[in-house]
Number of protein chains: 2
Amino acid sequence: MIDNYLLEELAVFAKTRTLAQTAEQLNVTQPTVTRGMQKLEDDFGVRLFDRQPNRIKLTETGELAAAEATKLIKLNLEMIDRIKKFDYSQHSIRIGSMIPGPLILLNHLHSVLPDDIQVEKESLSGDKIEQQLMRNDYSLIFSNQEILTSEIESQYVGTENLQVNLDQFMFQANQSTVHFQELKNLSFIVLREIGSWRDIIQKEIPGAKFLYQEQRDAFADITKYSNFPYFTTNLSQYDTILLQRKSKNDDRVTVPIWDESAKMVIYVSYLTKQKQRLTPIMNLIRDSWPN
Amino acid sequence: MIDNYLLEELAVFAKTRTLAQTAEQLNVTQPTVTRGMQKLEDDFGVRLFDRQPNRIKLTETGELAAAEATKLIKLNLEMIDRIKKFDYSQHSIRIGSMIPGPLILLNHLHSVLPDDIQVEKESLSGDKIEQQLMRNDYSLIFSNQEILTSEIESQYVGTENLQVNLDQFMFQANQSTVHFQELKNLSFIVLREIGSWRDIIQKEIPGAKFLYQEQRDAFADITKYSNFPYFTTNLSQYDTILLQRKSKNDDRVTVPIWDESAKMVIYVSYLTKQKQRLTPIMNLIRDSWPN
DNA sequence: AACAATTACGGAATCCGTAAAAATT
DNA sequence: AATTTTTACGGATTCCGTAATTGTT
């Protein structure tokens, strides 16, 4: 078997093409790399380099070896990552979500959550839920997808309903519910990270304009000093930042949106192997869900 | 990155389940393995073992790490093998064949073959020609298959014709040619390693019996002291062992078999990348082919 | 003159084996 | 009593950096 530090030197050399730069990139001296490549040839029992007094280059075999070495190093690092993440998943629970709603609820439940498990929350993008579970990036992922594979399953946790907050003097604000159609051609302030909701509002409201805002506090400010409508959901009642804003004078009226596409069924997905350990927290969330 | 010798210790421990046996299997002492596994945990930054004063076992994370380690070691060894074989294929030519005919011709050409390339000959079984070329197990493989992939191609080299050697007093021996049908219910002596020919004679000659012989010299003896018919081909004229036998009194008559299935079209397959280097020897063989 | 690779030498880090200890079966 | 793991200590190997050499551009 061949030592990894030699494979790494070879892999770097294949990029830099000189021993000096290889040494620099690895924070060692040139003689170290020289000896390393000599040892590598000795270990392989094969010529890997064409040597001239002032120049060294890979043979064809050397090129192949370098390519293989690069792969092996990558695999080694990926293995370490897999193991660390698996270990982490054994005593902690990382929770991700494709939409912000469940994370708001989790923040609200923070004090009730068990102490022995550490809960982290993060917003996900892309539809790589399966991969992220399989890689132990997360133990629980909330989304509007129900997943069932040989190693993954999902549970229903609740429904999230979109609401729009309208200035009290707008005529739509006097209704008990509203349809997307009735919001057409309006301009809205929207937080950038709202996951799957973004596609929905863009698709369903004709002629609407959206002012996307990255930062949450800036978003709060803009809503305060303007009368643009903005969106919330039935989970927003647990949003502490939003509650602080509400307490100050927000003259908007919250109106539920009645369309089917404004109702999102939320599932939580997880590795079936971990079901037992995750059941309590999933039950807690489902039980705490509004309505 | 994690050193391979530690991964190997872990992989072996996962099999033996005790540090003592691990040490024995690796030809080191127990303390070495103890320290190794401690260092491994330290390098990973993760608990891999449940330890009791007299007992040590893998945690779940440890089991995963051991499985991954086993894979990585295997990949490392396979890589070394690949590189050695590739290197060998750069300055030597290994030649394999699915049928013995071309190898007989090659033996005969031995003195004419270039000296700077070393030619080895071996009989192959199975239909893994592509794999064996891709792995650089062989540079040239003779068979009755024409292969064309993105990296492999084949060339026609000649046709091998089956003949049967019959006792001169048998009525079929008086014909200039013979059909498989006319050989029905006879018993033949056959060398075990005749590759694709075996299926053909078994299929085409009704009610025939075959006395298979492993060793070539024993085969020669049996033919000498019996009058069972046996098979040759148009390439057998270059078979030195067979020629020696012929010179002594073999009263058999060689009769070509006329069926289409007794004519085998022979191709040589190789990596397209190596075409240029292999062309001379392929031309030599094709030019030396009888007829 | 500047640069790249190699060699020589001494030091430092790592890895290993022996011996001994601790605890279990 | 025998087995298994662990610790302590000293030695040996290996690996590295500095300095100097060779040869090229």
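Order of the sequence lines sets the chain letters (A, B, ...), proteins ahead of strands, with each chain counted from 1. Not measured: the values here are computed from a predicted model.
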K.L.:
Separation of E8(B) atom CD from dC15(C) atom P, in whole Å?
P.N.:
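In whole Å, dC15(C) P and E8(B) CD are 15 Å from each other.
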K.L.:
In this structure, how many angstroms lie between the P atom of dT14(C) and the CG atom of L40(B), rounded?
P.N.:
16 Å
K.L.:
Whether the Y156(B) and E146(B) side chains hold a donor-acceptor pair (N or O, under 3.5 Å, no angle test) is what I'd like checked.
P.N.:
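No pair is found: no donor N or O on one side chain lies under 3.5 Å from an acceptor on the other.
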K.L.:
Taking the minimum atom-to-atom distance to the side chain of Y5(B), which one of dT6(D), dC15(C), dC15(D) wins?
P.N.:
dC15(C)
K.L.:
Decide if the gap between the ring center of Y270(B) and the ring center of F142(B) is smaller than 6.0 angstrom.
P.N.:
no
K.L.:
Take the protein atom CD of Q38(A) and the nucleotide atom P of dA5(C), then report the distance between them rounded to whole Å.
P.N.:
12 Å
K.L.:
Nearest whole Å is fine: how far is dC16(D) P from E9(A) CD?
P.N.:
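Computing the E9(A):CD to dC16(D):P distance gives 7 Å.
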K.L.:
Which nucleotide wins on minimum distance to the side chain of A20(B), given the candidates dT4(D), dT24(D), dT7(D)?
P.N.:
dT4(D)
K.L.:
When you measure only distances, ignoring hydrogens and angles, does the side chain of R35(A) come within 3.5 Å of the base of dG17(D) through a donor and an acceptor?
P.N.:
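Answer yes: a donor N or O sits under 3.5 Å from an acceptor.
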K.L.:
Using whole Å, what does the distance between atom C1' of nucleotide dT6(C) and atom CD of Q30(A) come to?
P.N.:
11 Å
K.L.:
Taking any heavy-atom pair under 4.0 Å as a contact, classify Q52(A): base, sugar-phosphate, or nothing.
P.N.:
nothing
K.L.:
To the nearest Å, give me how far apart CG (N54(B)) and C1' (dA22(C)) are.
P.N.:
9 Å
K.L.:
With a cut-off of less than 4.0 Å, is there a side-chain N or O of T29(A) near OP1 or OP2 of dC16(D)?
P.N.:
no
K.L.:
Mind checking T18(B) for me? I need base, sugar-phosphate or nothing, with any heavy atom below 4.0 Å counting as a touch.
P.N.:
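Touches sugar-phosphate only.
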K.L.:
Can you measure D3(A) atom CG to dC16(D) atom C1' for me and round it to whole angstrom units?
P.N.:
15 Å
K.L.:
To the nearest Å, give me how far apart CE (M37(B)) and P (dT4(D)) are.
P.N.:
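After rounding, the gap between these two atoms is 17 Å.
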K.L.:
Looking only at the side chain of L19(A) (C-beta and beyond, no hydrogens), which of the listed nucleotides dC15(C), dT6(C), dT6(D) gets closest?
P.N.:
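Closest nucleotide to the L19(A) side chain: dT6(C).
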K.L.:
Assign each of P31(A) and I56(B) to its nearest nucleotide of DNA chain D by heavy atoms, then name whichever residue's nucleotide is nearer the 5' end.
P.N.:
I56(B)
K.L.:
Students often get this wrong, so: under 4.0 angstrom with heavy atoms, is V28(B) touching a base, only sugar-phosphate, or nothing?
P.N.:
sugar-phosphate
K.L.:
Just N and O in the side chain of T32(A): are any of them under 4.0 Å from OP1 or OP2 of dG17(D)?
P.N.:
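Yes, because at least one side-chain N or O of T32(A) sits under 4.0 Å from OP1 or OP2 of dG17(D).
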K.L.:
Are R51(B) and E41(B) within salt-bridge range, i.e. N to O under 4.0 Å?
P.N.:
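Result for this pair is yes, salt bridge flagged.
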K.L.:
Give a yes-or-no answer on whether the side chains of T22(B) and T16(B) include a donor-acceptor pair shorter than 3.5 Å.
P.N.:
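T16(B) and T22(B) do have a side-chain donor-acceptor pair below 3.5 Å.
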K.L.:
Do NZ/NE/NH1/NH2 and the carboxylate oxygens of E8(A) and K74(A) come within less than 4.0 Å?
P.N.:
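Salt bridge absent between E8(A) and K74(A).
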